[in-house]
J.: 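I'd like to ask you about the structure that follows.
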Amino acid sequence: MPRTAPWWRSAVIYQVYIRSFADANGDGVGDIAGLRSRLPYLRSLGVDAIWINPWYRSPMADHGYDVADYRAIDPLFGTLAEAEQLIEEAHRHGIRVIPDIVPNHTSDQHPWFRAALAAGPGSPERDRYVFRPGRGPSGAEPPNDWVSCFGGPAWTRLPDGQWYLHLFAPQQPDLNWQHADVRQEFESILRFWFARGVDGFRIDVAHGLVKHPELPDLPPRREPAVLGPLAPREPVDEQPRQHVDHPHWDRDEVHDIYRAWRKVADEFPGDRSFVAEAWADTPERLAAYVRGDGLHTAFNFDFLMSGWDAKDLRAVIDDSLAMLGAVGAPATWVLSNHDVMRHPSRYGRERVKRWTANEPYRPDGAADLELGTRRARAAALLMLALPGGAYIYQGEELGLPEVEDLPEDMLQDPVWERSGHTDRGRDGCRVPIPWSGKAAPYGFSPAAASAAPWLPQPADWGGLSVEAQTGDGTSMLELYRSALRLRREHPALGDGSLTWLETPEAVLAFGRDPGFVCVVNFSAGMYRLPAHTSVLLASGPVENGLLAPDHAAWLAV
Ligand code: NOJ
């Protein structure tokens with residue numbers, strides 16, 4: 001019997017930012033018990049898997065991306081036993097579970113880093129991290145000019161005179177991946193969780209683990225085309241995308257690590273899979289993560305970084321499918337995540353040019369949310385019709401906008417402090433999601449909660465709650481539900497290929513076999529749909545065969 005394609009080639013994976021998903025114990029922070037209670041919702045939404053942002057023991061300097069114990073659950077979220085129950089229950093609902101793994105850095109409270117501090121300069125304990133003497137006569141200058149993705153230098157000096165590297169916050173010291181202990185430890189952590197039934201991992205900063213052995217200064221033009229939305233922002237011209245040899249991003253040697261990880265995944269029964277958070281300069285460089293015996297999939301951030309522009313999106317789709325297809329890997333499509341402005345707020349701005357990682361990802365001016373939401377509806381149909389897998393960031397299915405007016409004294413993202421209060425950071429896309437009711441906490445926390453949600457929810461979110469949208473055929477939630485149901489049922493959708501249909505430049509239309517066409521109208525005028533037998537789904541009313549501006553339709557042909 002022919003083996004069916006592995007699930008991860010076409011999966012729709014729902015991102016659970018656990019702090020903000022559902023709070024069962026009423027402390028204002030989401031938890032595993034809350035997530036367990038909402039599994040029926042996720043099943044009825046129709047997703048194949050959940051990716052859970054870090055849930056490990058952590059001092060929460062970067063909301064869990066600073067891990068102190070990779071084999072323990074933080075008490076804020078629950079216990080290891082609850083995590084095991086969650087995995088089992090999710091599986092019973094037909095939902096796979098993918099935790100986040102954070103290998104580039106640990107917390108400064110991790111036993112290894114504490115031991116390194118205690119053991120002092122030159123000790124073997126310090127070898128597991130990147131400690132160096134400073135430059136200048138008294139060593140008072142950092143060892144090189146690297147900058148932290150959260151602002152400021154990537155080095156912090158200790159009282160004993162040595163400096164340590166942190167590409168993110170000072171509470172997130174970078175590990176030394178040349179060290180055998182580091183490699184062994186992470187393989188052991190993977191086995192720990194695979195043995196508990198997880199179906200894969202999302203790999204944090206997958207492109208950052210290996211540093212140039214001599215730690216040279218940055219190349220003269222500091223930033224190549226793309227480094228991630230958190231990268232330091234220097235102005236860049238509209239330059240052709242090309243790979244720039246960089247001392248700490250996307251070095252070739254990083255792939256050895258993932259070949260070893262792939263072997264670990266293959267030790268376990270079933271299809272376990274990795275998804276890399278890798279910001280690569282070009283689609284070719286991204287494809288290198290998922291070729292041959294490497295990782296299974298990688299996030300395709302080019303799609304997320306495109307403006308609402310037919311030409312740009314088509315180029316991204318073509319390049320991604322070509323480069324990933326050439327190495328036999330499926331594409332993934334992402335519109336939003338916990339690091340970037342939610343897409344109704346991005347698309348609600350007139351700027352349609354592709355933004356790069358080096359430009360502020362907090363644009364000026366107010367968003368037109370009606371426009372942004374219309375486009376977000378169309379974008380969902382575009383994304384879910386493309387060949388490969390897709391990611392949905394919690395709240396995206398509710399059409400949540402970015403919360404751009406959080407009071408400054410409530411901002412928690414380290415970016416706010418590290419940028420000297422010039423960048424408000426990522427809290428605006430992390431506000432706890434509304435489940436029911438007309439006032440905060442909108443069912444996020446129980447009625448008798450002891451604390452308010454960790455970030456304040458807007459007063460006008462009642463209409464966006466799951467309860468308010470359920471059963472309303474015009475709602476974003478019902479659009480996602482219908483799209484996901486059709487995607488499961490329709491043989492043309494998921495893994496495979498597409499064929500572009502001839503259209504004006506501001507319209508995208510592609511066919512997928514058998515018998516499916518997706519049309520997206522980016523133009524300012526009505527567009528006559530190609531011949532079809534029925535409209536399977538549309539982001540708004542289709543009258544007389546005409547598709548309105550900023551709308552999309554799925555057709556049976
Ligand atoms: C990428 C994660 O998505 C982001 O939230 C985090 O701050 C950095 N990596 C550092 O771990």
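By convention here, the first residue in the shown sequence is residue 1. Order of listing sets the numbers, starting from 1, for every ligand and every atom in it.
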J.: Can you list the atoms of ligand 1 that are under 4.0 Å from a heavy atom of V205?
T.: 9 (N)
J.: Ignoring hydrogens and angles, tell me if any N or O in the side chain of R424 forms a donor-acceptor pair with the backbone of L406 under 3.5 Å.
T.: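 Checking the backbone N and O of L406 against the side chain of R424, a donor-acceptor pair under 3.5 Å is found.
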J.: Will you find, in the side chains of R132 and Q162, an N or O donor that is under 3.5 Å from an N or O acceptor?
T.: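 Their side chains do not contain a donor-acceptor pair, so the 3.5 Å distance test is not met.
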J.: In terms of relative ring orientation, are W435 and Y41 parallel, tilted or perpendicular, with 30° and 60° separating the classes?
T.: perpendicular
J.: For Y391 and E396, does a side-chain donor sit closer than 3.5 Å to a side-chain acceptor?
T.: no
J.: Using a strict cut-off of 4.0 Å, indicate which atoms of ligand 1 neighbour a heavy atom of R426.
T.: 4 (C), 5 (O), 6 (C), 7 (O)
J.: Checking contacts here: is it the side chain or the backbone of H63 that comes within 4.0 Å of ligand 1, counting heavy atoms only? Could be both or neither.
T.: neither
J.: Taking only heavy atoms of H105 into account, list the atoms of ligand 1 that are under 4.0 Å away from them.
T.: 10 (C), 11 (O)
J.: If you measure only the distance, is there a donor-acceptor pair under 3.5 Å linking the side chains of W454 and D23?
T.: no
J.: Between F150 and ligand 1, which part of the residue brings a heavy atom under 4.0 Å of the ligand: side chain, backbone, both or neither?
T.: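 Only the side chain of F150 comes within reach of ligand 1.
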J.: With a cut-off of 4.0 Å, which atoms of ligand 1 are near a heavy atom of H338?
T.: 2 (C), 3 (O), 4 (C), 5 (O)
J.: Report the member of D204, V340, L167 with the shortest heavy-atom distance to atom 2 (C) of ligand 1.
T.: D204
J.: Identify, by atom number and element, the atoms of ligand 1 in contact range of R430, meaning under 4.0 Å from any of its heavy atoms.
T.: 5 (O)
J.: Any atom of ligand 1 sitting under 4.0 Å from a heavy atom of H166?
T.: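 No, H166 has no heavy atoms under 4.0 Å from ligand 1.
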J.: Just by distance, no angles: are the side chains of D100 and Y56 close enough, under 3.5 Å, to form a donor-acceptor pair?
T.: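 There is no such pair between these side chains.
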J.: Quiz question: by atom type and distance under 3.5 Å, do the side chains of D199 and H91 form a donor-acceptor pair?
T.: yes
J.: Enumerate the atoms of ligand 1 whose separation from the nearest heavy atom of E277 is less than 4.0 angstrom.
T.: 1 (C), 3 (O)
